[in-house]
Amino acid sequence: MKSDAELQVLDRDIILKTQAGLPLIAEPYKQIAAELDIDAELLMQRIRIMQDDGRIRRIGAVPNHYRLGYTGNGMSVWDVPDEKVHELGEMIGALDYVSHCYHRPRFLPDWPYNLFAMVHGRSREEVIEKAQKIADLLGEHCRRRDVLFSSRILKKTGIRIGG
């Protein structure tokens, strides 16, 4: 049985071992556990505890859309009624070509948009077609819109702690 201080050190070591990504093998957690000289069950238990208390918010894939051939990526921005923004955002965020969708404040008079949805496509034309589908779904709730195309990737990682 490890002390609380030992578990805190272990938790930090687990984060250091996993923060840059999991090994691309069938059982990555077994490899990490072996590297930390602990049992895989203890590793999984500590990860669950860190997820439950919020130290780890999520574990997931971070695809590089450019490397997957999706080079026409664009942030679509929408001016929709504030009282409908959450309902409409959930509908748009559920589309399979939208990777993330969120509510942002307007900055009037220059920036009237309050709903953002990242649309992925293999060309700018494809993104524009998909943005039109979103406009069709929004119907009368779409007052203004635009698509801001990506020109480069600025960040594709989460926060990192030092060793």
### NZ/NE/NH1/NH2 to OD/OE distance under 4.0 Å, Glu90 and Lys84
no
### Message
For a 4.5 angstrom cut-off between non-hydrogen side-chain atoms, does Asn73 reach Val119?
### Response
no
### Query
What about Met44 and Leu16, same hydrophobic cluster or not, with Ile/Leu/Val/Met/Phe/Trp/Tyr joined at side-chain heavy-atom distances under 4.5 Å?
yes
### Task
Could you tell me which non-hydrogen atom of Met50 sits nearest to which non-hydrogen atom of Ile15, and how far apart they are?
SD-CD1, 3.8 Å
### Query
Going through the distances and angles, do Arg145 and Gln132 end up as a side chain to side chain donor-acceptor pair (under 3.5 Å)?
CA-CA 10 Å; Arg145 65 184 174 129; Gln132 180 59 52; 2.8 Å; yes
#### Entry: Minimum-distance pair of heavy atoms, taken over all atoms of Pro112 and Arg144
CG-NH1, 3.5 Å
### Task
Count the heavy atoms belonging to other residues, nucleotides or ligands that lie under 6.0 Å from CD of Glu140, then report whether that count exceeds 12.
no
### Query
Are Ile25 and Leu43 linked, directly or through other ILVMFWY residues, by side chains that come within less than 4.5 angstrom of each other?
no
### Query
Ile14 versus Ile32: any side-chain heavy-atom pair under 4.5 Å?
no
#### Entry: Heavy atoms of other groups near Asp52 CG, more than 12 under 6.0 Å
yes
### Query
Is Lys133 paired with Glu129 through a side-chain N to carboxylate O contact shorter than 4.0 Å?
no
### Task
Answer whether the closest heavy-atom distance between the side chains of Met75 and Asp146 falls below 4.5 Å.
no
### Query
Do Leu88 and Met118 share a hydrophobic cluster (ILVMFWY, side-chain heavy atoms under 4.5 Å, transitive)?
no
#### Entry: Nearest heavy-atom neighbours spanning Ile49 and Arg55
CG2-NH2, 3.9 Å
### Task
For the residue pair Leu22 and Gln31, establish whether any side-chain heavy-atom pair is separated by less than 4.5 Å.
no
#### Entry: Parallel, tilted or perpendicular: ring planes of His100 versus Tyr102, cut at 30 and 60 degrees
parallel
### Heavy atoms from other residues, nucleotides or ligands near CG of Asp53 exceed 12 (cutoff 6.0 Å)
yes
### Task
Applying salt bridge (Lys or Arg N to Asp or Glu O under 4.0 Å), run through Asp79 and Arg143 and close with a yes or a no.
CA-CA 5 Å; Asp79 173 13; Arg143 299 187 289 218; 3.1 Å; yes
#### Entry: Test item: Ile161 and Arg12 side chains (from C-beta on) under 4.5 Å apart, heavy atoms
yes
### Task
Answer yes or no: is there a donor N or O on one side and an acceptor on the other, between the side chain of Gln51 and the main chain of Arg58, under 3.5 Å?
no
#### Entry: Taking every non-hydrogen atom, the tightest pair across Ala40 and Lys30
CB-CG, 4.2 Å
### Task
Kindly say whether Ala131 contributes a backbone atom to a donor-acceptor pair with the side chain of Ser76 at under 3.5 angstrom?
no
### Query
Between Ile38 and Asp13, is any pair of side-chain heavy atoms under 4.5 Å apart?
no
### Query
Between Phe149 and Arg124, is there a cation-pi geometry (under 6.0 Å to ring centre, at most 45° from the normal)?
yes
### Summary
Smallest heavy-atom separation, Cys101 atom then Gly89 atom, equals SG-O, 3.5 Å
### Query
Under a single-linkage definition using a 4.5 Å side-chain heavy-atom cutoff for Ile, Leu, Val, Met, Phe, Trp and Tyr, are Met91 and Phe116 assigned to the same hydrophobic cluster?
no
### Query
If only atom types and distance count, is the side chain of Arg46 paired as donor or acceptor with the main-chain N or O of Asp11 below 3.5 Å?
no
### Task
Report yes or no: does Gln45 contribute a side-chain atom to a donor-acceptor pair with the main-chain N or O of Glu41 at less than 3.5 Å?
no
### Message
Measuring only between side-chain heavy atoms, which start at C-beta, is Arg106 closer than 4.5 Å to Trp111?
### Response
no
### Query
Is there a path of hydrophobic side-chain contacts, each under 4.5 Å between heavy atoms of I, L, V, M, F, W or Y residues, that connects Leu138 with Val98?
yes
### Message
Quick check against the 3.5 Å criterion: does Arg160 have a side-chain atom that pairs as donor or acceptor with the backbone of Gln19?
### Response
yes
### Query
Any side-chain heavy atom of Leu95 within less than 4.5 Å of one from Ile92?
yes
### Parallel, tilted or perpendicular, as decided by the 30° and 60° cut-offs, for the rings of Tyr70 and His120
perpendicular
### Task
Starting at CG of Leu115, measure out to CG of Asp82 and round the result to the nearest 0.5 Å.
10.5 Å
